[in-house]
Amino acid sequence: MQAPPRESMLDFVQQLPKAELHVHLEGTLEPEHIFSLAKRNGIELVYKTPEEVVAAYDFHDLPSFLSIYYAAMDVLRTEDDFYELAMHYFQRAAAQNVVYVEPFFDPQAHTSRGIAFDTVINGIARAQQDAAASLGVESNLIMCFLRDMSAESAAEHLEMAVGHLDKLIGVGLDSDEKDNPPSKFAEVFARARDLGLKLTMHCDVNQKDILEHIGECLDLIAVDRIDHGVNALQDDALCTEIARRGLGLTVCPVSNRFVVQNLTGNEIRDMLARGMKATINSDDPAYFRAYMNENLMALVEDADFTKDELMTLTRNAFEVSWMSDERKTDYLERLEQVQ
Ligand SMILES: [Zn+2]
């Protein structure tokens, strides 16, 4: 059977109303925006043009990505900067028919530079309200802790968030995973659960001790979702348990191709075959130069994904999202109307 032409698949991908569950707002900072914020805040950059910035995106593993990533976000200083950061992402989401988002932000990456927690979260929350009203993009925010910082720092930031619980739906864990297992944050995550927050954690691809980390996420933390989690496929018992619990896995194909040189197309198919709720996401789209639709099209073009498979992945994202059941039903009905 002949595969449908690229244009018809692109049209289908565009038409699908989509949910994104793994996107770091700091990872949506586009090179042009780095320049305009640097100018407004009187910051001298080592790069002369946005093109030079993109040319420096020579990631080959997680640490090489993180060093450029943290350096760039120094241009984010004021509440308006964070508002713009989030709003620019929501505008791109709307243009790609991404209708629902659970974005991450990393407060410690900003408080460690002397930016107040409230400055960050208030700017993002204001953009969320405006995006829902003016773009029709709904969202619920997830606060991530940097796992290469201490558990004490994570606990302090969770307490800073207590006055903002109306702005948060969950907590996550990201940054450099090596020797920073989920167990390091068990107390912080238990406290977050007590505060009524949902729990997710990165189990990044091909990290040291990754199977132990996934096991801890399930047995010790009792996460509500896993970010990445592709390596679970190496252990049948983990796969069975993830499927039994109906846990979502937020897979990021183009990000994986950048940092582990593999689009993980076969792995995503394997997850679907095992009844695991895989979803497709962009992770840090400004850095990997691919938002949601580019990730879906990468699976079409480089791994021959079909419309049925894309539909299943998109349906999974709404199903494992943390929105209300009522909103979920509404979005799923809209999705099923797409031919
Ligand atoms: Zn991520």
Side-chain angles (χ1 to χ4, degrees), residues 19-29 57 59-70 72-73 85-86 89 92-93 98 101-110 124 139-149 154 169-178 180-182 185 189 198-208 210 213-214 217 221 223-232 247-264 267-268 271 278-292 294-295 298 313 317 320-322:
E20 173 141 64
L21 307 178
H22 184 155
V23 58
H24 302 266
L25 286 174
E26 292 88 347
T28 70
L29 181 56
Y57 291 171
F59 322 118
H60 48 275
D61 56 16
L62 189 56
S64 66
F65 163 70
L66 291 171
S67 70
I68 289 178
Y69 179 66
Y70 290 125
M73 65 178 80
L85 172 73
Y89 165 71
R92 286 178 181 265
V98 172
V101 190
E102 288 176 5
F104 298 130
F105 77 115
D106 283 313
Q108 289 157 295
H110 311 300
I124 294 170
S139 59
N140 282 304
L141 187 61
I142 300 172
M143 178 173 82
C144 282
F145 304 112
L146 300 182
R147 66 198 309 159
D148 38 5
M149 293 183 73
I169 195 149
V171 293
L173 187 68
D174 60 9
S175 200
D176 196 351
E177 189 162 338
K178 186 165 178 274
N180 293 302
F185 299 93
F189 275 67
K198 296 279 193 181
L199 313 181
T200 188
M201 286 183 165
H202 277 54
C203 291
D204 239 296
V205 183
N206 297 351
Q207 298 294 300
K208 178 173 172 264
I210 189 64
H213 289 188
I214 297 172
C217 275
I221 311 294
V223 291
D224 300 291
R225 200 154 70 208
I226 294 175
D227 298 312
H228 299 292
V230 173
N231 294 88
L247 289 182
L249 297 143
T250 62
V251 185
C252 308
V254 175
S255 162
N256 290 163
R257 186 162 60 187
F258 252 97
V259 294
V260 296
Q261 295 75 50
N262 183 350
L263 194 65
T264 63
E267 289 82 353
I268 293 164
M271 286 179 183
T279 67
I280 302 305
N281 305 271
S282 69
D283 205 2
D284 300 286
Y287 291 87
F288 303 130
R289 315 307 294 153
Y291 285 78
M292 176 61 89
E294 288 78 19
N295 272 272
L313 290 162
V320 303
S321 75
W322 295 336

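For ligands, and for the atoms within them, numbers begin at 1 and follow the listed sequence.
Not one N, O or S atom of D227 sits under 2.8 Å from the Zn ion (ligand 1). Distances from the Zn ion (ligand 1) show that H24 has an N/O/S atom below 2.8 Å. Between the Zn ion (ligand 1) and C252 there is no N/O/S contact shorter than 2.8 Å.
Annotation: side chain of L62 is in contact with side chain of Q207 (closest heavy-atom distance under 4.5 Å).
Closest to the Zn ion (ligand 1) among the N, O or S atoms of H22 is NE2. Here the N, O or S atom of D283 that is nearest to the Zn ion (ligand 1) is OD1.
Of the options N281, N256, T264, a side-chain contact (heavy atoms from CB on, under 4.5 Å) to H228 is made by N256 and by none of the others.
In this structure a side-chain-to-backbone donor-acceptor pair under 3.5 Å is missing from D174 to C144. Of the possible donor and acceptor atoms, none in the side chain of E20 sits under 3.5 Å from a partner among the backbone N and O of P103. A donor-acceptor pair under 3.5 Å is formed between the side chain of R225 and the backbone N or O of V320.
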